[in-house]
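Whatever order the structure lists ligands and atoms in, that order sets their numbers, starting from 1. We use all heavy atoms of the structure for the numbers below, so side chains are in, but hydrogens, waters and symmetry mates are not.
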Amino acid sequence: MDVATIEYVLGDITEQEVDVIVNAANSSLLGGGGVDGAIHRKGGPEILAECRKLRAGHYGGGLKTGQAVATTAGRLRARHVVHTVGPVWSATEDRSALLADCHRNSLDLAAELGARTIAFPAISTGIYRWPVEDAARIAHEAVQDTELDLIRFVLFDQRTYDAFARP
Ligand code: ADP
């Protein structure tokens with residue numbers, strides 16, 4: 001099993017200097033609120049242009065929950081944005097495996113792209129309402145075995161940071 005460095009940063013994922021920034025996208029791939037909106041705003045129109053091409057091609061029906069796809073990072077300091085669709089929280093259905101898939105598929109795609117470093121937001125914990133402590137546990141487990149050197153979780157507020165960074 002390979003061991004990567006895992007770090008936690010309180011801040012804005014669009015500012016990160018890593019090979020890959022992961023976007024908590026929605027299935028349309030055509031932009032949204034939260035971290036998705038921030039990435040498109042700061043990365044510029046090139047990212048959306050590539051997303052539109054994906055929708056016109058292989059991803060005509062949109063990106064399924066748990067899947068991941070890569071585009072340019074436009075004006076961001078990263079080389080690629082990997083878009084993944086987190087599951088919406090459900091109190092009646094266990095969707096944990098889908099949240100783990102988001103992390104695993106993003107890591108695998110990053111490795112295929114030759115990336116060494118990656119930054120993740122707290123996928124599904126915003127508009128999709130996943131309880132932060134539980135999302136942190138699932139994210140941690142999912143990133144344990146990877147070829148990459150560095151995994152950075154970038155948390156946007158203190159409460160989310162505390163949930164992720166707690167030993
Ligand atoms: P989802 O739809 O998967 O819940 P959101 O974007 O609504 O995605 O929220 C996911 C997490 O990203 C939340 O914790 C939210 O506070 C956080 N977030 C929002 N903007 C940023 C940003 N610029 N950098 C890092 N995290 C962010």
I want to know if ligand 1 touches Ile127 in the polar sense, i.e. an N/O pair below 3.5 angstrom. yes
Compute whether any side-chain donor of one residue and acceptor of the other, for His80 and Thr71, lie under 3.5 angstrom apart. no
Phe156 N/O under 3.5 Å from ligand 1 N/O: no
Do any nitrogen or oxygen atoms of Tyr128 come within less than 3.5 Å of a nitrogen or oxygen of ligand 1? yes
N/O to N/O below 3.5 Å, does that happen between Asp12 and ligand 1? yes
Is there a donor-acceptor contact under 3.5 Å from the side chain of Glu15 to the main chain of Gly11? no
For Val143, does its backbone N or O pair with a side-chain atom of Thr146 as donor and acceptor, under 3.5 Å? no
If the plane angle is over 60° it's perpendicular, under 30° parallel, otherwise tilted; pick one for Trp89 and Trp130. perpendicular
For Gln16 and Arg152, test the side chains for any donor-to-acceptor distance below 3.5 angstrom and give the result as yes or no. yes
Using a strict 4.0 Å cut-off to heavy atoms of Gly34, name the atoms of ligand 1 that fall inside it. 6 (O), 19 (C), 20 (N)
Check for me whether Gly86 has a heavy atom closer than 4.0 Å to any atom of ligand 1. no
Can Arg159 and Asp162 be said to form a salt bridge (charged side-chain N to carboxylate O under 4.0 Å, His left out), step by step? CA-CA 5 Å; Arg159 193 177 120 57; Asp162 289 345; over 6 Å; no
Ligand 1 contact by Thr125, heavy-atom criterion under 4.0 angstrom: yes
Proximal candidate to atom 10 (C) of ligand 1 [heavy atom criterion; set Ala122, Pro121, Ala24]: Ala122
Tell me whether Ile13 has any N or O atom under 3.5 angstrom from an N or O of ligand 1. yes
Closest to atom 3 (O) of ligand 1 (judged by heavy-atom distance), picking from Ser124, Cys102, Ala25: Ser124
I would like to know whether Glu17 and Arg79 meet salt bridge (charged side-chain N to carboxylate O under 4.0 Å, His left out); could you show each step before the answer? CA-CA 9 Å; Glu17 215 170 327; Arg79 283 165 43 210; over 6 Å; no
Centroid separation Phe164 to Tyr8 less than 6.0 Å: no
Below 4.0 angstrom from a heavy atom of Ala38, which ligand 1 atoms are there? Numbered from 1 as shown, please. 23 (N)
Asp19 side chain vs Arg116 backbone, donor-acceptor pair below 3.5 Å: yes
Would you mind checking which non-hydrogen protein atom is closest to atom 12 (O) of ligand 1, with the distance to 0.1 Å? Val35 CB, 4.0 Å
Atom 4 (O) of ligand 1: which protein heavy atom is closest, and how many Å away? Gly126 N, 2.8 Å
